[in-house]
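Heads up: the structure comes next, in structure tokens.
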Amino acid sequence: MFQNFKKLFSTKKRIFAYITLVLIAWCVWWYFTDVAIMVGNYGKLHTYTDVALSMVMIFWFPLFIMGLYHKGNLFGKHENLHKKSLLWTISGTIGTILSGCSCCGLTLASYFGLLPLMNLLPYDGLEIKILGTLGLLYALYDIMKNLEVCQVKKK
């Protein structure tokens, strides 16, 4: 699996692409997140957990996108990609959006119809971020383990 990480970063273009994606995600997170207000509203433990989950999303989601891009280039056709890839991409995107910050995460959660669920949760939606992060980590593990393996069964 670690050899697959080396393959993703085998060229300067890919390294530049990863750094660019991380910087874009970081800038969006930095612009929309006010940590001081979060500490005042939620407390230190909740805020630092939120920030840690956001950092995981900022650094690992671009790696997942690069793995998906590599696999897509390797197998060439959309129908040859594993069916889970689309589901993981959508889950990772939603998780990344919701992990952006607590303030805009709530607004965006309402667009996805998650606001009633978030009102029932005791930690103001932090549970959704944890589930999204765990989903992303599983998806990243799955794609990195099978980076150059076509999982389509032959007829």
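Position 1 is the first residue of the sequence; numbering continues from there. On a predicted model such as this, the values are computed, not experimentally measured, just so you know.
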> Is there a donor-acceptor pair under 3.5 Å between the side chain of Y48 and the backbone N or O of G43?
Replying inline: no

> Taking side chain as C-beta onward, heavy atoms only, is D142 less than 4.5 Å from F64?
Replying inline: no

>> Could you measure the distance from the CG atom of L63 to the CZ atom of F59? Nearest 0.5 Å is fine.
In response: 11.5 Å

>> For a side chain to side chain contact (heavy atoms under 4.5 Å, CB included) check, start with the C-alpha distance between W29 and V51, then their side-chain angles and the critical distance, and finish with the verdict.
In response: CA-CA 10 Å; W29 178 82; V51 169; 3.9 Å; yes

> Side-chain heavy atoms under 4.5 angstrom apart, residues restricted to Ile, Leu, Val, Met, Phe, Trp, Tyr: same cluster for Y141 and L68?
Replying inline: yes

>> Can you classify the ring geometry of W30 versus W26 as parallel (below 30°), tilted (30 to 60°) or perpendicular (above 60°)?
In response: parallel

>> Measuring only between side-chain heavy atoms, which start at C-beta, is F9 closer than 4.5 Å to M66?
In response: yes

> Rounded to the nearest 0.5 Å, how far does CD1 of I65 lie from NE2 of H70?
Replying inline: 15.0 Å

> If you measure from CG on L140 to CZ on F5, what distance do you get to the nearest 0.5 Å?
Replying inline: 5.0 Å

> Does L134 CG have over 12 foreign heavy atoms under 6.0 Å away?
Replying inline: yes

>> So which atom in P62 and which in M57 form the shortest heavy-atom distance, rounded to 0.1 Å?
In response: CD-O, 3.7 Å

>> Membership question, hydrophobic clusters at under 4.5 Å side-chain separation (ILVMFWY): are L137 and L8 in the same one?
In response: yes

> How many angstroms lie between atom CG of N41 and atom NE2 of H46, to the nearest 0.5 angstrom?
Replying inline: 10.0 Å

> Could you give the distance from CG (L23) to CD1 (I58), rounded to the nearest 0.5 Å?
Replying inline: 10.5 Å

> Which pair of heavy atoms, one from T47 and one from Y42, lies closest together, and at what distance?
Replying inline: OG1-CB, 4.1 Å

